[in-house]
Structures are given as C-alpha cells and as structure tokens.
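One structure below.
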Amino acid sequence: MAERSCGECTLCCKLMGVPELKKQSAKWCISCDQGKGCSIYDTRPQSCRNFQCFWLMDENFPDDFRPDRIHALAAFNDTDDSCVLHVDPAHPRALSSPPVNALIDALHKVYPRVFVLSGKESALIQR
Ligand code: SF4
Ligand code: SF4
C-alpha cells in the first residue's frame, strides 16, 4: 500500500510549537503556505522534519480523520502511556464532534491517558 502523504493538510504548522523558530503552538508558522505546504521545505528545522502525526503514520485511521478535516491532530507525548490530541482553538466545537470522539476512543485503546491541548486550555481524558 502506498504511504500516506499530508496532501492539503498543514495543520501541524499551526498547532505544534517549533523551538528552533521560537514558534508558539496554536499559531500559524510564518513559513506555512496554508493548505499547500512549507515555503522553506528544504531548510525547515529538524523538529519539523521529525514530526509526524498519528494519521500520517497509521493508515488504519480513516481518510476522514485527516487533521485539517477534523481540526485536530494526535501525536506522541513524552511519556509512553499517553498521547496528546491537539485541537485547533479556532474550532472549539471540534472536541465534541463525532470523528474526534471516535479518534479519542481509538487512542484510548492504546493509551490510558489522552491529553487534550487547545490553545491555552489543557485537559486529561481518561475513559
Ligand atoms: S497534521 Fe499530520 S497530516 Fe497534517 S500536515 Fe501535519 S503531519 Fe501532515
Ligand atoms: S518551518 Fe515549515 S514545516 Fe516547520 S512549522 Fe513552519 S511551515 Fe511548517
């Protein structure tokens, strides 16, 4: 099966912080051509090169769960028993949407703890 690609999704370039650029989370990177890609792709920082959201890594997640479609992305945390769901603060209702709830259920099958980050808000979901 062909590997997944980000396509028109660029949501991590908004939701994730990039230490090398002093880019805060939940703010668009100035180098992001939204919906297209990185305008400094060949020289992008190492943390951008390293980053993959779960949707990109795992083809078991449906296409409909692509982060730009559900306004949220799931990614590793720094502890093995948890992951982080980053929700776009511009879409506060995303957290209660059916696809995001289905994603949280799927994450809980692997991770006992799912942290939710949305701008300055954070929460721990345990089911
Ligand atoms: S959030 Fe995932 S699918 Fe979207 S651009 Fe980033 S790595 Fe690619
Ligand atoms: S440098 Fe490029 S890949 Fe990294 S956050 Fe900015 S736009 Fe995205």
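Residues take their numbers from the sequence shown, with the count starting at 1. Counting starts at 1 for both ligands and their atoms, in listed order.
- When atom types are taken as modelled, the side chain of K23 and the backbone of M16 share a donor-acceptor pair closer than 3.5 angstrom.
- Only the side chain of P45 comes within 4.0 Å of ligand 2, judged by heavy-atom distances.
- When every heavy atom of E8 is checked against every heavy atom of R66, the shortest pair comes out as N-NH1, 3.5 Å.
- Scanning the protein heavy atoms around atom 4 (Fe) of ligand 2, the nearest turns out to be C48 SG, 2.3 Å.
- Within ligand 2, the atoms closer than 4.0 Å to a non-hydrogen atom of C32 are 7 (S), numbered from 1 in the order shown.
- Looking at heavy atoms from C-beta onward, L21 lies out of side-chain contact with I30 at the 4.5 angstrom threshold.
- Between D63 and R4, at least one side-chain nitrogen of the basic residue sits less than 4.0 Å from a carboxylate oxygen of the acidic one, meeting the salt-bridge criterion.
- Among protein heavy atoms, the minimum distance from atom 6 (Fe) of ligand 1 is reached at C12 SG, 2.3 Å.
- Ring centroids of F54 and F65 are separated by 6.0 Å or more, keeping the two rings apart.
- Each of the atoms 1 (S) of ligand 1 lies under 4.0 Å from some heavy atom of L73.
- Under the side chain to side chain contact (heavy atoms under 4.5 Å, CB included) test applied with H91, the options L95, V87, D88 reduce to a single match, D88.
- With a 4.0 Å cut-off on non-hydrogen atoms, I30 does not touch ligand 2 at all.
- Residue contacts with ligand 2, taken as heavy atom pairs separated by less than 4.0 Å, do not involve T10 at all.
- For atom 8 (Fe) of ligand 2, the nearest non-hydrogen atom of the protein is C13 SG, 2.3 Å.
- Which parts of ligand 2 touch S31 is read off a 4.0 Å heavy-atom cut-off, strictly below it: atoms 7 (S).
- Rounding to the nearest 0.5 angstrom, the gap separating the CZ atom in F115 from the CD1 atom in I125 is 11.0 Å.
- Within the set C9, A74, C53, the minimum heavy-atom distance to atom 2 (Fe) of ligand 1 is found for C53.
- Among the backbone and side-chain atoms of C29, no N/O/S atom is found under 2.8 Å from atom 4 (Fe) of ligand 2.
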